[in-house]
Amino acid sequence: MLFLLNYSDFLINGFITTVQVTLIGVGLGMILGILAALGDIYGGKIIKIIVNIYVEFFRGSPLIAQLFLIYFTLPALTGIRLDVITAGYLTLALNSGAYQKGYLKGAMEAVFKDQFLAALSLGLPLRKILMYVVVPQALRIVIPAWSNELASMAKSTTALIVIGVREFLNTGVSIVAQTFKPLETYLFITIVYFIWIYSMLKILDIVYDRVKIPGLEPVI
Amino acid sequence: MNVLECRDLTKIYGKVVAVKNVSLGIGKGQTKVIFGPSGSGKSTLLRCLGLLEKPTSGTIYFNGIDVYTTKQDLNKLRAKIGFVFQEPSLFRHLTALGNVVLGLKHVLGYSEDEARRKAMEALKLVKMEDWANYYPAQLSGGQQQRVGIARAIAMDPEIILFDEPTAALDVELKWEVISVMKDLADRGTTMLVATHELRFAKEVADEMIFMDQGEIIEIGTPEQFFRSPMTERARKFMAKLLG
């Protein structure tokens with residue numbers, strides 16, 4: 001496996017790209033997910049319909065098809081041309097947001113109505129009720145579901161290979177093309193993925209334990 | 001002038017008339033008790049008076065000002081009307097202290113230090129200062145209710161509405177909550193209390209209001225109700241409560 005050392009810069013760059021798209025995808029997805037969940041719970045009819053069309057569409061179609069759609073079809077329709085990495089961020093964020101909306105909505109609804117009324121009775125405006133009462137509880141409840149999303153998103157980034165993003169798996173493919181050593185290369189790549197994802201999940205477990213509050217265990 | 005008053009208040013959910021043409025007022029320093037069978041509209045009435053639900057028709061006055069037609073800032077008024085719920089409804093992610101601090105800081109604009117000091121005072125009043133750093137799930141139902149009361153009184157409201165605060169508690173825990181409420185009444189707090197605790201009503205109520213099926217059936221002093229209610233329905237219900 002030592003021949004891989006010759007490609008260390010190449011591999012490191014690929015790995016960094018993978019980490020970046022994962023974190024940005026999940027991070028933006030979380031913002032989208034929170035907004036979509038709030039829209040679905042507190043929004044009017046039209047907002048609810050828009051949210052549900054978005055969620056069903058991105059949950060109900062393949063990620064690779066979504067990538068093609070945003071990278072090839074969107075520019076053809078709108079004239080806006082995205083570079084591969086931006087198209088990658090955008091697709092992963094939209095995809096992840098659709099899933100996270102489901103987890104977050106469940107968690108927000110688990111923050112019972114009595115909490116909302118109690119906050120209202122103190123005179124807190126809606127924005128502050130969400131900020132100080134609903135969201136902090138919902139985020140704690142959602143962490144376990146969110147770990148799954150992070151792991152799944154980390155793996156989904158490999159799909160970016162189809163539009164030519166130089167992510168970690170793609171660097172492996174290039175190395176194999178040059179060295180004809182698929183066995184060692186892919187073994188190495190897979191092990192790195194595993195160690196990385198496994199440690200992220202462990203870290204989230206620790207975070208979950210840290211912020212855990214008696215009486216606020218996950219209900220989903 | 002009454003602190004809080006409603007005139008011809010009606011609340012309809014779909015086809016159910018929960019409260020029907022209710023008029024009542026609570027003057028400064030008064031304690032009034034509402035009682036009546038479950039489903040008689042007490043909770044709905046209190047929620048309307050607490051500005052947590054909008055009445056279908058009728059008028060609510062806060063210090064003589066018509067709340068809805070003059071388009072008052074509801075959040076400002078809600079801050080002046082304390083509310084204690086039937087189910088202990090503490091914020092589960094905050095400690096007892098954090099629960100009391102939240103409104104002081106984010107509604108009344110106290111600094112963190114001031115809010116904490118004021119919150120500790122309120123917790124002392126309900127004898128919960130030793131539990132300040134415990135989370136709701138670590139407290140008994142009675143303790144949670146006392147923190148709920150502290151959360152309401154810390155805001156220095158002009159009136160506190162209690163929606164059967166002891167109904168969800170075991171007998172042993174009821175009294176610790178009731179004694180806190182009695183203290184408040186003795187200190188001249190303006191209170192409207194929905195409760196079936198007749199001993200509490202007898203000792204502190206200026207007036208008792210009997211409701212059934214969304215309507216006020218009878219209003220009178222505790223003596224009147226304990227001696228001989230005027231209406232048949234009130235008489236039957238009193239007999240049931242007194243066993």
Side-chain angles (χ1 to χ4, degrees), chain A residues 30 34 37-38 41-42 44-45 103-147 204-220, chain B residues 43 46-47 49-54 72-95 98-109 133-139 144-145 147-148 150-157 159-163 168:
Chain A
M30 187 176 206
I34 291 178
L38 289 174
I41 299 174
Y42 302 108
K45 232 187 204 148
Y103 308 142
L104 286 158
K105 188 187 173 200
M108 285 183 197
E109 283 173 338
V111 178
F112 296 112
K113 205 180 162 217
D114 67 276
Q115 303 274 298
F116 190 89
L117 269 186
L120 193 68
S121 81
L122 290 175
L124 284 162
L126 179 65
R127 187 178 54 85
K128 289 188 178 178
I129 295 180
L130 297 176
M131 213 157 96
Y132 298 118
V133 177
V134 177
V135 173
Q137 295 192 39
L139 287 185
R140 286 189 174 84
I141 294 173
V142 89
I143 290 177
W146 203 67
S147 310
L204 268 183
D205 271 355
I206 294 167
V207 170
Y208 179 62
D209 271 340
R210 280 278 167 82
V211 301
K212 198 162 67 180
I213 280 170
L216 259 186
E217 281 80 23
V219 289
I220 42 173
Chain B
S43 282
L46 286 176
R47 283 179 188 203
L49 287 171
L51 311 180
L52 302 177
E53 286 192 42
K54 198 174 175 182
Q72 298 291 309
D73 181 346
L74 292 185
N75 285 325
K76 275 203 178 128
L77 296 184
R78 285 179 187 130
K80 296 179 186 174
I81 305 174
F83 207 105
V84 178
F85 296 84
Q86 177 170 354
E87 301 291 331
S89 50
L90 298 182
F91 307 125
R92 290 173 295 167
H93 62 308
L94 298 174
T95 59
N99 265 275
V100 187
V101 162
L102 187 75
L104 292 171
K105 221 169 118 181
H106 297 295
V107 177
L108 301 184
N133 294 319
Y134 285 74
Y135 285 96
Q138 298 167 318
L139 302 172
Q144 289 188 43
Q145 269 312 28
V147 175
R151 183 170 68 183
I153 56 178
M155 304 284 287
D156 285 328
I159 180 170
I160 306 181
L161 310 178
F162 292 82
D163 184 7

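On a predicted model such as this, the values are computed, not experimentally measured, just so you know. The analysis underlying the following values was restricted to heavy atoms, covering all of them including side chains, and did not include hydrogens, waters or symmetry mates. In what follows, chains are A, B, ... by sequence order, proteins preceding strands, each numbered from 1.
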Is [X] close to chain A through its backbone or its side chain, or both, or neither, when contacts mean heavy atoms under 4.5 Å?
X      : result
B:E87  : neither
B:Y135 : side chain
B:L90  : backbone
B:I81  : backbone
B:R47  : side chain

Using a 4.5 Å cut-off on heavy atoms from C-beta on, say whether the side chain of [Y] contacts that of [X].
X      : Y      : result
A:V133 : A:F116 : no
A:V135 : A:L139 : yes
A:I143 : A:V211 : yes
B:R151 : B:S89  : yes

Just checking, is any N or O donor in the side chain of B:T95 or B:N133 under 3.5 Å from an acceptor N or O on the other one?
->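 Short answer, no.
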Contact summary for B:R78 and B:L51, nearest pair of heavy atoms |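 Distance-wise, the nearest heavy atoms are NE-O, 2.8 Å.
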Looking at B:A152, B:P136, B:A79, B:P157, which one has more heavy-atom pairs under 4.5 Å with chain A than the rest?
->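 Of the options given, most contacts go to B:A79.
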Winner by heavy-atom pair count (cut-off under 4.5 Å) against chain A, out of B:V107, B:L161, B:L94 |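 So the answer, after comparing B:V107, B:L161, B:L94, is B:V107.
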